[in-house]
Amino acid sequence: MSDFPTLLINWYRKNKRLLPWRGEKDPYKIWLSEVMLQQTQVETVIPFYKNWIQRFPDISSVAEASQDEVLKYWEGLGYYSRCRNFHRACQIVINNYDGKIPNQLEDFRKLPGVGDYTAAAVLSFAFGKSTPVIDGNVSRVMSRLVKFSEPVEKGRTVFRKQLEEWIDPENPGEFNQAIMELGSLVCLRNQPHCIKCPVTDFCVGFKSGSPEKYPRKVSRSPIPHKTMAAAVIWNNSKFFIQKRPSNSLLGGLWELPGVEVTNKKSKEHQLVKDIKKCIGFEIQPVNKIGTVQHAYSHFKVTLHGYHCRLINNNLLKNPTKKHGWISSDGISHYPFPRVNHKLFEILQEQNWEQ
DNA sequence: TACACGTGGGC
DNA sequence: TGCCCAAGTGT
């Protein structure tokens, strides 16, 4: 009988998917792919990765770009702090590490947006270090292999110890890829395909007869629902947008000014009042554009969009870093959240300035 | 430690 | 339809 790493890696070599970053040697591209893949499925990442590499082929091209531009290439991928952090991290590598990605775990791990997973992944894939990765796939596979009965977050230490014993020092990156790929293709969340699994001989969960019971499922509380109103404020054939503050939801993206409405009967009134309070100028709703629904990770929103006219137009003539007036084609230059694009789609059907 | 942080796909 | 979740990190 072969040992665990041999069985796993042999399975991987026969069954691995062809992916744009698979087999890549450039540490920058490996790092980028790992950041894009955080909490995001492979199929979703592929087109974003390709577009990004075309515009930003190396680390200095990222470091030299504006935040607006990198966010535009991240637009639609979600979790935008990943992009802001990666942008900053690239600048740190250029300025503090002579453009060379640090190949020591302690140094690389300090970069913004690099946590335990990404550090272990990049160090093993790009630099051949024997650092085991523990992501969602590995946690699930390991939970079943050792029949771990406690909540999965408590298993990291146990899992890491076992993985450090198993990881192949000759091919640590391939070992890491292999166990993640096994989780992704065979050891599925709801219905593990144990018949296809190369390591059932080692799996206590399989021998128990119900591997799908691991890891233990946790129940979550329902998420809140908000009602919001957004204004499309027209003035001289352009409409008003503002930049969201960094380190907030959708930080760094641009948006139509919007407010949460608590009195659902007088949304327009509240919009007018709060826009004046937040932005400092008076608007007049002209007509309703439509309503869109959107779900974030921790709340849902119903957003009502209104065409508005600027009443006192001697304000905010000139764009600043925080706000601007753009024509409809400006949408393709500024990064916007998905929920605003949903409104733009309705506007498009209504021929914009109507 | 638990929660904030996006989006699209699966069932 | 509505809920769960996916190659996690920062606070």
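The structure displayed is predicted, hence computed values, not measured ones. In what follows, every heavy atom counts, from backbone to side chain, and hydrogens, waters and symmetry copies are set aside. Order of the sequence lines fixes the chain letters, A, B, ..., with proteins taken first and strands second; residue numbering starts at 1 for each chain.
- Residue A:Ser33 is out of contact with every strand shown, counting any heavy-atom pair closer than 4.0 Å.
- Using a 4.0 Å heavy-atom cutoff across all strands shown, A:Arg140 reaches sugar-phosphate atoms only and no base atom.
- Checking A:Phe56, A:Phe86, A:Tyr49 one by one against A:Tyr73, the ring-ring contact (aromatic ring centres under 6.0 Å, His included) holds for a single residue, A:Phe56.
- If you measure from atom CD of A:Gln191 to atom P of B:dG10, you get 16 Å, rounded to the nearest angstrom.
- One can place NZ of A:Lys300 at 16 Å from P of B:dG8, the figure rounded to the nearest angstrom.
- Counting non-hydrogen atoms under 4.0 angstrom, A:Gly76 reaches the backbone sugars and phosphates but no base.
- A:Phe4 and A:Phe202 have perpendicular rings, their planes meeting at more than 60° on a 0 to 90° scale where under 30° would count as parallel.
- Contact annotation: A:His298 side-chain N/O to B:dC5 OP1/OP2 distance is under 4.0 Å.
- Look at CG on A:Leu253: it is 8 Å from P on B:dG6, rounded to the nearest Å.
- Separating the P atom of B:dA4 from that of C:dC4 is a span of 15 Å, rounded to the nearest Å.
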Under 3.5 Å, side-chain donor or acceptor atoms of residues 144-151 of chain A against the rest of the protein: list the pairs with distances, not counting sequence neighbours.
| residue | atom | partner | partner atom | Å |
| --- | --- | --- | --- | --- |
| A:Arg144 | NE | A:Pro211 | O | 3.0 |
| A:Arg144 | NE | A:Tyr214 | O | 2.7 |
| A:Arg144 | NH1 | A:Cys187 | O | 3.3 |
| A:Arg144 | NH1 | A:Leu188 | O | 2.7 |
| A:Arg144 | NH2 | A:Leu188 | O | 3.2 |
| A:Arg144 | NH2 | A:Arg189 | O | 2.7 |
| A:Arg144 | NH2 | A:Tyr214 | O | 3.2 |
| A:Lys147 | NZ | A:Tyr214 | OH | 3.3 |

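- The two residues A:Val259 and A:Gln270 make their nearest non-hydrogen contact at CG2-O, 4.3 Å.
- In this entry the distance linking CD of A:Gln38 with C1' of B:dG6 reads 13 Å, nearest Å.
- Atoms CD (A:Glu255) and P (B:dG6) sit 12 Å apart, rounded to a whole Å.
- Nucleotides B:dT1 and C:dA6 place their C1' atoms 23 Å apart, quoted to the nearest Å.
- For A:Tyr79 and B:dA4, the shortest distance from a side-chain N or O to OP1 or OP2 is not below 4.0 Å.
- Place A:Arg189 and A:Arg109 on DNA chain C by their nearest nucleotides, and A:Arg189 ends up nearer the 5' end.
- Side-chain contact between A:Leu32 and A:Ile53: present, with at least one pair of heavy atoms (C-beta onward) separated by less than 4.5 Å.
- Distance A:Arg244 CZ to B:dA4 P: 15 Å, rounded to the nearest Å.
- If you check the side chains of A:Lys288 and A:Thr291, you find a donor sitting under 3.5 Å from an acceptor.
- Looking at A:Thr40, its side chain has no donor and acceptor atom pair within 3.5 Å of the base of B:dG8.
- With rounding to whole Å, A:Gln293 atom CD is found 15 Å from B:dT7 atom P.
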Report, one line per pair, each donor and acceptor closer than 3.5 Å where one atom sits in a side chain of residues 328-338 of chain A; sequence neighbours left out.
| residue | atom | partner | partner atom | Å |
| --- | --- | --- | --- | --- |
| A:Asp329 | OD1 | A:Ser327 | OG | 2.6 |
| A:Ser332 | OG | A:Asp329 | O | 2.7 |

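- Side chain of A:Gln41, nearest nucleotide from B:dT7, B:dC5, B:dG9: B:dG9.
- Ring pair A:Phe175/A:Tyr12: centre-to-centre distance not below 6.0 Å.
- No contact: A:Val138 has no heavy atom under 4.0 Å from any strand.
- Atom P of nucleotide B:dG6 and atom CD of A:Glu75 are separated by 13 Å, given to the nearest angstrom.
- A:Trp21 comes within 4.0 angstrom of a base, heavy atoms only.
- Heavy atoms of A:Pro112 sit under 4.0 angstrom from primed sugar atoms or phosphate atoms, though from no base atom.
- When each of A:Ser219 and A:Asn247 is assigned the nucleotide of DNA chain C bearing its nearest heavy atom, the one mapping closer to the 5' terminus is A:Ser219.
- In the 5' to 3' direction, nucleotides of DNA chain C lying under 4.0 Å from heavy atoms of chain A begin and end at C:dC3 to C:dG10.
- Along DNA chain B, the nucleotide nearest A:Phe299 and the nucleotide nearest A:Lys342 are compared for position; the residue whose nucleotide lies closer to the 5' end is A:Phe299.
- OP1 or OP2 of B:dG8 has at least one side-chain nitrogen or oxygen of A:Arg338 nearer than 4.0 Å.
- The residue among A:Ser297 and A:Asn190 whose nearest nucleotide of DNA chain B is located toward the 5' end is A:Ser297.
- On the P atoms, B:dC11 is 14 Å away from C:dA7, given to the nearest whole Å.
- Counting non-hydrogen atoms of neighbouring residues, nucleotides and ligands closer than 6.0 angstrom, the CZ atom of A:Arg22 exceeds 12 such neighbours.
- Contact annotation for A:Thr44: no contact, since no heavy-atom pair falls under 4.0 Å across all strands.
- A:Leu250 comes within 4.0 angstrom of the backbone, heavy atoms only, and of no base.
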